[in-house]
Amino acid sequence: MTTAAERLEPGESLWVSPGRVNLIGEHTDYNDGFVLPFALPHATAVSGTRRTDRRWVVTSEQTGETVTFDLADLSAKVEGWAAYVAAVVWVLREAGVDVPGAELNIASDVPFGAGLSSSAALECATMAVLADLAGLGGTGLPMRDRPRLAQRAENEYVGAPTGIMDQAASTLCQQGHALFLDCRSLATEQVPFDLAAAGLKILVVDSKAPHAHVDGEYAARRKACEEAAGVLGVAALRDIDVDALPDALAKLDDDTTRRRVRHVVTEDQRVLDTVAVLRAGDLRAAGPLMTASHASMRDDYEITVPQVDTAVRVALEHGAHGARMTGGGFGGCVLALVDEGACDAVEAAVREAFAVEGFTPPDTFVVTPGRGTYQVGG
């Protein structure tokens with residue numbers, strides 16, 4: 001099977017950005033907390049060639065569509081999938097970059113709507129190509145600065161209130177590692193995550209349940225967290241230590257808000273605990289932390305759906321060390337940490353359970369930590 005990059009003509013510039021899964025740390029990023037994603041082998045490739053005018057002509061292999069927009073269209077807001085490309089043009093111009101018009105071609109292996117951050121992969125690859133065509137290279141727009149710009153593009157232009165994790169993972173991850181990211185300071189640590197050496201695999205189950213970020217549910221949870229932080233007198237929920245959680249919860253009047261806060265505070269601690277066991281080389285010990293994370297997302301944050309709950313339950317019943325939903329929720333994918341020899345049995349059991357429940361058959365695949373944004377042929 002060819003990769004996304006192999007399916008494109010290189011043009012003047014060809015860059016690749018991966019999707020991501022988050023090993024642990026869900027809905028902590030916009031609370032200034034901690035996350036631990038790793039990059040997927042699945043990626044989005046964008047090739048670009050400069051034009052002599054200020055028009056951007058964008059062709060998607062996935063949809064078969066070509067969308068053209070100019071500066072007037074950019075100001076009026078481009079809609080649909082091309083909005084993610086237009087958003088990058090917009091944010092670079094806002095940052096003072098003289099973005100040239102361009103012919104852009106897009107191919108992707110990242111499943112759309114599965115919670116694997118296909119939008120961030122598109123944004124980050126597009127940003128790399130446009131920065132290249134603008135003559136910025138790696139020094140004019142350092143990789144470490146790009147996640148913030150890509151996040152702003154998605155927040156302010158597309159209108160999705162996401163945190164910075166997806167863009168940081170797509171840009172900064174290193175092969176064979178998980179990215180420990182402090183979403184406040186943007187400090188990072190590449191944490192070794194050698195699954196093969198430990199005799200383990202990460203099985204991804206794409207539940208095929210619809211997944212979307214630009215909706216009221218995600219925004220409502222973010223708003224609840226921000227309001228709770230105001231009541232508690234902190235800049236963000238990241239500032240509530242897990243030991244201080246009981247006192248913090250006692251200051252909140254609404255039970256739903258208390259549960260939202262409990263998830264975020266305990267999830268931050270689970271990220272720190274997971275990083276500690278990975279540093280120690282005890283990868284299996286991450287399993288129970290993953291499972292506890294899923295329970296918290298299900299019961300306190302209320303972002304799971306029957307398909308992902310079923311996948312988690314069945315994976316655990318058939319020997320997974322841990323399992324959890326990954327991504328923003330309301331659909332998407334499950335990660336199961338399994339022994340190499342148990343992977344096929346877990347996969348088969350999940351498929352059978354979905355058939356019994358009458359769910360759409362899931363997609364399943366094994367992933368290893370890949371690398372962040374890179375140039376092809378550069």
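Scope of the values below: all heavy atoms of this structure, side chains included, with no hydrogens, waters or symmetry mates.
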Side chains of [X] and [Y]: do they bring a donor and an acceptor to under 3.5 Å?
| X | Y | result |
| --- | --- | --- |
| Ser60 | Glu65 | no |
| Asp299 | His263 | no |
| Gln375 | Asp132 | yes |
| Gln151 | Glu123 | no |
| Thr256 | Arg260 | no |
| Arg270 | Ser296 | yes |
| Arg55 | Thr68 | no |
| Trp81 | Gln62 | no |
| Ser17 | Trp15 | no |
| His294 | Asp309 | yes |
| Thr66 | Thr59 | yes |
| Arg324 | Ser293 | yes |

Look at [X] together with [Y] and state whether they make a salt bridge at an N to O cut-off of under 4.0 Å.
| X | Y | answer |
| --- | --- | --- |
| Arg54 | Asp70 | no |
| Asp239 | Arg184 | yes |
| Arg259 | Asp255 | yes |
| Glu189 | Arg279 | yes |
| Asp253 | Arg258 | no |
| Arg298 | Glu302 | no |

When you group the ILVMFWY residues by side-chain heavy-atom contacts below 4.5 Å and let the links chain together, are [Y] and [X] in the same group?
| X | Y | answer |
| --- | --- | --- |
| Val57 | Ile106 | no |
| Val88 | Leu71 | yes |
| Leu130 | Met143 | yes |

Step-by-step side-chain contact (heavy atoms from CB on, under 4.5 Å) determination, Arg221 to Ile303
CA-CA 10 Å; Arg221 279 155 183 76; Ile303 55 174; 3.3 Å; yes

Nearest atoms (heavy-atom pairs only) where [X] meets [Y]:
| X | Y | result |
| --- | --- | --- |
| Ala121 | Ser170 | CA-OG, 3.6 Å |
| Pro37 | Arg20 | CB-CD, 4.2 Å |
| Thr257 | Ala228 | CG2-CB, 3.7 Å |
| Cys183 | Val35 | SG-CG2, 3.9 Å |
| Leu232 | Ala248 | CD2-O, 3.4 Å |
| Met325 | Val312 | N-CG2, 4.2 Å |

When you measure from the centre of the six-membered ring of Tyr374, is the NZ or CZ of Arg371 closer than 6.0 Å and no more than 45° off the axis?
yes

For the residue pair Lys77 and Tyr157, would you count it as a cation-pi contact if the rule is NZ or CZ under 6.0 angstrom from the ring centre and within 45 degrees of the ring axis?
yes

Aromatic contact between Tyr30 and Tyr218, with the criterion being ring centroids under 6.0 Å apart: yes or no?
yes

Angle between ring planes, His27 versus Tyr301, binned at 30° and 60°: parallel, tilted or perpendicular?
tilted

Which class fits the ring pair Phe354 and Phe359: parallel under 30°, tilted 30 to 60°, perpendicular over 60°?
perpendicular

Quick check on [X]: does its [atom1] atom have over 12 non-hydrogen neighbours (other residues, nucleotides or ligands) under 6.0 Å away?
| X | atom1 | value |
| --- | --- | --- |
| Glu357 | CD | yes |
| Arg284 | CZ | yes |
| Glu352 | CD | no |
| Arg7 | CZ | yes |

Audit row: Thr28, Arg238, side-chain hydrogen bond (donor to acceptor under 3.5 Å, both in side chains) steps and yes/no
CA-CA 8 Å; Thr28 51; Arg238 173 266 184 65; over 6 Å; no

